[in-house]
There are 2 protein chains.
Amino acid sequence: MVEQDRARGTGPGARERRPDRKPTMADIAQHVGVSRALVSIVFRGKEGASEETRRRIFEAAAELGYRPDSLARGLRSNRTRTLGVLFDLRRPFEVELVEHMYPAAEQLGYHLLLGAVTPTRGQEHVVDELLRYRCEGLIVVGPDLDGHRLDAIADEVRLVEVGRAVTRGPVDVVRNDDALGTRQAVEHLVALGHRRITHIDGGPNPGASDRRAGYQRAMTDHGLAGEIRVVPAGYTDEDGAAAGRRLLDGPLPTAVIAANDQAAIGLLDVMLRAGVRVPQDLSVVGYDDSRFAKLPGIDLTSVRQDIPGMADFAIKAVVERLDLPEREPKQIALPPQLVVRGTTAAPHGA
Amino acid sequence: MVEQDRARGTGPGARERRPDRKPTMADIAQHVGVSRALVSIVFRGKEGASEETRRRIFEAAAELGYRPDSLARGLRSNRTRTLGVLFDLRRPFEVELVEHMYPAAEQLGYHLLLGAVTPTRGQEHVVDELLRYRCEGLIVVGPDLDGHRLDAIADEVRLVEVGRAVTRGPVDVVRNDDALGTRQAVEHLVALGHRRITHIDGGPNPGASDRRAGYQRAMTDHGLAGEIRVVPAGYTDEDGAAAGRRLLDGPLPTAVIAANDQAAIGLLDVMLRAGVRVPQDLSVVGYDDSRFAKLPGIDLTSVRQDIPGMADFAIKAVVERLDLPEREPKQIALPPQLVVRGTTAAPHGA
DNA sequence: TCGTGAGACTAGATCGTGTTAGTAGCTCGA
DNA sequence: TCGAGCTACTAACACGATCTAGTCTCACGA
């Protein structure tokens with residue numbers, strides 16, 4: 001049997017396996033006395049092996065400490081069942097998103113290959129790395145790449161973008177309905193009796209323009225177009241603090257909606273130091289419902305993005321396009337939810 | 001030439017490459033008119049190819065959009081140059097550690113394969129997955145696995161543990177010198193004039209017992225053995241808040257050292273609500289120097305672990321053991337650094 | 001007795017690369 | 001003229017799995 005000769009050592013002492021080499025299917029085959037192909041059949045759960053043989057093969061595998069080789073499997077079968085996820089480790093929002101992708105992928109029988117963008121590794125670099133590992137699909141969280149580059153990537157692999165508003169080409173897109181989030185914030189405040197509601201703007205950051213537009217439209221819809229006021233800022237503590245100092249120069253509004261939690265926290269700090277009581281003198285709403293918002297000392301009313309929903313959609317979208325190659329790409333914006341905590345209340349005069 | 005016939009289509013129209021198949025070295029070889037082996041030589045930068053041929057091969061590769069296949073490469077060469085990293089996505093400390101591992105690995109020519117532990121994927125599961133991808137080394141951050149299991153893993157692959165205090169077996173270990181951190185905190189407070197310094201304990205959590213021991217020894221060394229007081233708590237906001245409420249029942253110390261930042265923040269909140277001024281009435285020190293500590297509204301004095309140092313050591317340790325198989329495993333504890341912010345000051349009476 | 005079909009199993013090609021052993025062609029010195 | 005030693009290159013096997021196209025055995029019906 002040529003098959004069996006391959007497994008090293010037909011000479012004396014052939015029985016023992018080399019301790020420095022990891023066992024392969026050939027080792028199991030030899031141990032059980034069947035062909036390598038049959039071992040493969042058993043491991044893939046295909047029919048064509050007797051119950052008795054299945055049992056013996058599994059036993060031998062356990063005894064030898066066999067572990068299937070993903071590289072060989074992927075190479076031969078052209079199906080790695082692997083999805084690449086490109087994200088930024090420094091953004092807690094993205095990390096949380098990734099965390100929720102795991103169970104979704106697992107349920108559909110796919111693995112996740114994480115590609116972290118860091119200061120030393122740009123998105124371009126990470127995409128390249130992921131594709132070398134033969135990901136079948138790619139999920140790009142918060143893409144920085146320009147449209148042309150993304151088109152080129154979509155040409156090579158199924159692509160899903162998370163968090164980008166406008167896209168063309170054969171790409172699924174899932175994002176938060178940012179405008180709806182600030183609208184919810186406005187409506188919450190209006191219901192409490194507020195009218196003088198100011199928006200702390202997020203500048204050029206992702207989602208910021210939609211958040212601003214949502215604020216403006218909601219204000220207008222409630223007959224408060226005359227009260228619209230937007231203070232330019234950004235997504236950092238410092239941006240929020242600077243905006244807070246600017247607010248203190250003039251007459252205070254009764255409520256502010258910040259573009260995100262960080263900015264809200266920076267603003268909160270400035271206000272508290274200036275003796276402005278929150279929520280009695282000023283209501284504050286953040287955006288993201290981050291871990292910071294939940295801290296006992298902060299307890300910030302904030303807009304929560306549907307992270308599990310986005311993760312789930314992203315995974316299902318790639319897998320669907322893998323299974324049904326001609327499926328049309330979908331673009332979806334999931335509704336966020338306002339989480340009311342301690343920084344909002346009825347205005348003083350109400 | 002048998003070699004060239006393998007590249008599909010020797011019949012009419014053979015020139016065009018199939019758009020649905022990714023180009024391989026064989027395609028480049030055919031395009032340039034050399035053997036596949038030579039293409040491999042050029043890509044690996046080995047000698048044995050003329051400058052002219054090198055140039056033509058690189059040109060063809062660029063033109064065809066060739067991308068080396070990591071699976072095939074790893075399979076054949078038995079060198080994946082990949083290090084598996086097992087960590088918990090929900091722990092910002094570990095995420096930050098991983099972030100710093102990237103440049104260290106890159107510099108040594110290794111890739112990182114991230115294996116995230118989540119509620120649905122235990123450490124055992126993740127280790128298995130990483131080994132299937134033929135990682136050459138494994139870095140386990142905050143291992144939960146018992147010693148026997150880790151020994152078994154160390155038998156299959158080079159292993160480095162991050163953050164575990166005691167281990168045996170052929171394993172490198174890098175951790176923070178937790179005891180030194182609390183000692184630094186004690187010395188900072190003593191220098192400010194404090195004597196009644198209480199420790200908010202971390203319970204059974206990783207590092208907590210060392211932090212407690214460091215506190216106790218440092219107090220004793222400064223002749224304050226009689227002032228030692230330990231309040232049982234944990235690593236969460238709630239633990240810290242509960243400890244704070246207990247403290248309020250008796251006479252307050254002038255300073256507390258919490259086992260981590262979260263607990264410190266929970267405690268801070270309780271104190272501020274109770275009208276205790278920080279740092280005038282009570283100094284508070286945290287541990288970890290997390291993002292929370294840096295928030296403007298919190299501004300917590302805290303002990304910073306040397307995250308870049310730990311990441312660097314972990315990567316270098318695995319790679320060294322890969323290059324020099326007989327190198328003795330090292331165990332190291334890196335010194336932390338106290339970051340003084342706004343929650344510590346001289347005690348009231350001083 | 002023979003053909004047929006199903007069940008259990010195997011041989012050999014194959015995925016894309018790395019690697020070893022070799023060959024063709026050239027120059028050079030004896 | 002020969003062999004040695006170089007450079008530039010090629011053929012063929014290997015890695016560990018999957019997959020196609022079989023083979024062998026046995027039972028069954030005609």
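Since this is a predicted model, take the numbers as computed values, not measurements. Values below: every heavy atom of this structure, side chains too, minus hydrogens, waters and symmetry copies. The chains referred to below are lettered A, B, ... by the order of the sequence lines, with proteins before strands, and numbering in each begins at 1.
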Where the side chain of A:Asp128 meets the backbone of A:His125, is there a donor-acceptor pair that is under 3.5 Å apart? no
**Prompt:** Taking side chain as C-beta onward, heavy atoms only, is B:Val157 less than 4.5 Å from B:Ile153?
**Reply:** yes
Atom NZ of A:Lys46 and atom P of C:dA8 are separated, to the nearest Å, by 16 Å
*List the steps and the verdict of ring pair (Phe, Tyr, Trp, His ring centres under 6.0 Å) for A:Tyr133 and B:Tyr133.*
CA-CA 10 Å; A:Tyr133 279 96; B:Tyr133 278 96; 7.4 Å; no
note: B:Arg73, atom CZ; C:dG16, atom C1'; distance rounded to Å ~ 10 Å
Rounded to whole Å, CD of A:Glu47 lies from P of C:dG7 at a distance of 8 Å
Rounded to whole Å, the CD1-C1' distance (A:Ile57 to C:dA8) equals 11 Å
Whole-Å distance, B:Glu136 CD to D:dC15 C1', equals 15 Å
Under 4.0 Å between a side-chain N/O of B:Ser77 and OP1 or OP2 of C:dG18, yes or no? no
Does a side-chain N or O of B:Tyr66 approach OP1 or OP2 of C:dT17 to a distance below 4.0 Å, or not? yes
When B:Ile41 and B:Ala72 are each assigned the nearest nucleotide of DNA chain D, the 5'-most assignment goes to B:Ile41
Test salt bridge (Lys or Arg N to Asp or Glu O under 4.0 Å), reference B:Asp172, set B:Arg158, B:Lys330, B:Arg327, output is B:Arg327
A:Ser40 has its side chain closest, among D:dC13, D:dA8, D:dT18, to D:dT18
Next on the checklist: For B:Ser40, is there any backbone N or O sitting under 3.5 Å from a side-chain donor or acceptor partner on B:Arg44?
Outcome noted: yes
- How would you label the contact of B:Arg132 with the nucleic acid (heavy atoms, under 4.0 Å): base, sugar-phosphate, or nothing? nothing
_Using OP1 and OP2 only, check whether a side-chain N or O of A:Arg44 sits under 4.0 Å from D:dC19._
yes
Query raised in the report: Does A:Arg76 get its side chain close enough to the base of D:dT18, under 3.5 Å, for a donor-acceptor pair?
Result: yes
Worksheet item: Checking all strands, does A:Arg54 fall into the base, sugar-phosphate, or nothing category for heavy-atom contacts under 4.0 angstrom?
Response: nothing
note: B:Leu75, atom CG; C:dC15, atom P; distance rounded to Å ~ 14 Å
Taken to the nearest whole Å, CZ/A:Arg36 to C1'/C:dA11 is 9 Å
Query raised in the report: According to a strict under-4.0 Å criterion, is B:Thr53 in side-chain N/O contact with OP1 or OP2 of D:dC9?
Result: yes
Which of C:dC15, C:dA11, D:dT10 is nearest the side chain of A:Ala37? It is C:dA11
Of the listed D:dG16, C:dC15, D:dC9, the closest approach to the A:Arg21 side chain comes from D:dG16
To the nearest angstrom, the CG-P distance between A:Asn78 and D:dC19 comes to 9 Å
- [ ] Please tell me if the side chains of A:Val34 and A:Ile28 come closer than 4.5 Å, counting only heavy atoms from C-beta onward.
- [x] no
Does a side-chain N or O from B:Ser50 land closer than 4.0 Å to OP1 or OP2 of D:dT7, or not? no
DNA chain D nearest-nucleotide lookup for B:Glu51 and A:Arg79: closer to the 5′ end is B:Glu51
